[in-house]
2 protein chains.
Amino acid sequence: MYYWAVVRTKDPSIRALLIDRAAQMLRTRRPVTLRSLVAGTGASTMAVYTYFGGMEGLWKALRQEGFTRLAAELAKVPATADPVRDLAALSAAYLSNAMDNPDLYRVMFDATFELEDSKAADETLHCLVRGVERAKSAGRFRDDIDPLELAVQGWAIGHGLASLVTTGPLPRQALAHGVPLLTALFVSAGDDPGRCRRSIEQGWEQVRL
Amino acid sequence: MYYWAVVRTKDPSIRALLIDRAAQMLRTRRPVTLRSLVAGTGASTMAVYTYFGGMEGLWKALRQEGFTRLAAELAKVPATADPVRDLAALSAAYLSNAMDNPDLYRVMFDATFELEDSKAADETLHCLVRGVERAKSAGRFRDDIDPLELAVQGWAIGHGLASLVTTGPLPRQALAHGVPLLTALFVSAGDDPGRCRRSIEQGWEQVRL
DNA sequence: GGGAAAACATAGCATTGCTATGTATTATTG
DNA sequence: CAATAATACATAGCAATGCTATGTTTTCCC
C-alpha cells in the first residue's frame, strides 16, 4: 500500500525523464520506439500520449530540447573585448554542440518546422544577431550591415558544415573550413583582413572540436 | 494465356519504375511504404526485395537517383568565358534542384553516408572543383588556392541554405543570401570585389529560383 | 526440350503507433 | 470532510508496417 502510494504519486517530471531517455537513446543510436522508450521507466505506453499526445509530440519536444541545450551552450560563450572573436567562438560552440549530439542535431532539422520549433530556434539566431551588433558597435563591421542578415549567413555556414559532417559526406576535420568561411564573411562585412583572421582563429580555439 | 505471357515477361525496367514512383510519391508528400509503393504497379511486395533487397536498399537507390538528377542539372550549366559567373550559376542550379525536389533532397542527406552514396556525391563535388580550377586558370583566384577546399566551402554554403530552406527555418527568399556569401568567399580567394559581384549576380540570374 | 536459377505471388510473423475501455488517483466542489 | 468531476494510468486490441518462409511460375542455358 505505502510504496504504491509513493510510486503512483503524480510526478510531472516524468515528462522530462522521457525526454532525457529519448535523447540518451538517440545518443547511443538505439531506435526510439514507443514501447522501448517507456520500458524500464515503470510507465506505460499511455504516458507518451498523456504528456506528448503521441510520438510526433515527443519528436517536437525533442527538437525544442535540442534547441534549448544549444542555446545553453551558446550562452556559456563569454563576451570579451573582441566581438569578432566572440562570433567565432559562438560558431565553434554551435559546431561543438552538433558534434556532441549528432543524432539530436539531425532530429532538430529533419521534420518541417512548425511555429513552436521556430520560436525555439529564434533564441539561437538571436544570439548571433547580438554578436553582430556588438561587432558593429565596436566599428569592426560597416554601418550599412544588417545584423540579422549577417547572422543568417553565419548560420547557413555553420549549419552547412554541421549537417555535412554529421550525415557523413564530409569528415570531421572539415569543420576547420569554418575559419576561412567566417573570415571571408566578416571581411566582406568590413573587418580588416589580418585582424579578422587573428580574431577568428582565437575564437575558434575557445571550443574543443 | 497470351496476355499473361505479355504481362509476366521479365521487365528489368521495373526497378527504374519503382524508383520513379517512389520519387513521385516523395514529391506529392505521400508516405512511401512497401505496400503503397507496389500498389498499382502490378508487382507484389517481393519486387522491392528482389530489386533492392529491402526498403533500406530502396532508400539507398533513391539517394543515388537524387545525386544523379542533381549531376544532370549541374551538367546543363554551360561553361562561358567568365568562370566565376559559371560557379554562381552552378550554385544556383544546385539550389534550384533542391527547391524542385525538396523531399528527395532531404532523403539524400538524412541517412549516414555509405561508400556508394559518397561515390554518387563525388560527381557533384567534382563539378564544383572543375569550376574553381577554371577560375584559377583565368587568373581570378590566387595560385595558392586549393580547388577542392574552395569547392567544399562552396558546397557547405549551398547545402546550408538548401537545408535550412527545405526544412523550414528560413523562407525561400533566404536563398538570395547565396549572392553575398559566394561573393565573400570568392573575393577571399583573390577575385576583384566589384568584378566578382557582377559575375555572381549574372550567374545567379541564369537559374530560376 | 529439360533442368537450374531467378523472379514472383501468397500468406503469415513480429513490431510499430495508436485507440478504446476500464480503473485508479487527484482536484474540486458543497 | 465526503462526494463528484476530472485527470492519469494500465490493459488489451486494432490496422499498418517491414520482412521472411514457402510454393509456384517464368526465364535462362545447354
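These numbers come from the heavy atoms of this one structure, side chains and all, not from hydrogens, waters or symmetry mates. First the proteins, then the strands, lettered A, B, ... as listed; each starts at 1.
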Would you list the atom pairs, donor with acceptor, under 3.5 Å between side chains in residues 121-130 of chain B and any protein atom, with sequence neighbours excluded?
none

Query raised in the report: Does His159(A) have its ring centroid less than 6.0 Å away from the ring centroid of Phe109(A)?
Result: yes
> Any idea how Phe113(A) and Phe67(A) line up, ring-wise: parallel (<30°), tilted (30 to 60°), or perpendicular (>60°)?
Replying inline: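 Rings of Phe113(A) and Phe67(A): perpendicular, as their planes differ by over 60°.
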In whole angstrom, what separates [X]'s [atom1] from [N]'s [atom2]?
X	N	atom1	atom2	value
Ile14(A)	dA10(D)	CD1	P	8 Å
Leu34(B)	dT20(D)	CG	P	11 Å
Tyr51(B)	dA9(C)	OH	P	10 Å
Trp59(A)	dC18(C)	CH2	P	11 Å
Phe52(B)	dC19(D)	CZ	C1'	16 Å
Met25(A)	dT16(C)	CE	C1'	14 Å
Met55(A)	dT17(D)	CE	P	17 Å

**Message:** What I want to find out is whether Glu65(A) reaches Arg69(A) closely enough, with some N-O distance under 4.0 Å, to be called a salt bridge.
**Reply:** yes
request  = Give the nucleotide from the list dA7(C), dG17(C), dC19(D) with an atom nearest to the side chain of Thr50(B).
outcome  =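 Among the listed nucleotides, the one closest to the side chain of Thr50(B) is dA7(C).
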Least distance between heavy atoms, Val32(A) atom then Met25(A) atom: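 Reported closest heavy-atom pair: CG2-CB, 3.8 Å.
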Tabulate protein N/O versus nucleotide N/O from nucleotides 11-13 of chain D, keeping only pairs under 3.5 Å, one per line.
{"unit_1": "dG13(D)", "atom_1": "O6", "unit_2": "Arg35(A)", "atom_2": "NH2", "d": "3.4"}

* Asked: Which is true for Ala43(A) with a 4.0 Å heavy-atom rule: it touches a base, it touches only sugar-phosphate, or it touches nothing?
  -> sugar-phosphate
Residues passing the side-chain hydrogen bond (donor to acceptor under 3.5 Å, both in side chains) test with Arg21(A), sequence neighbours excluded, are none
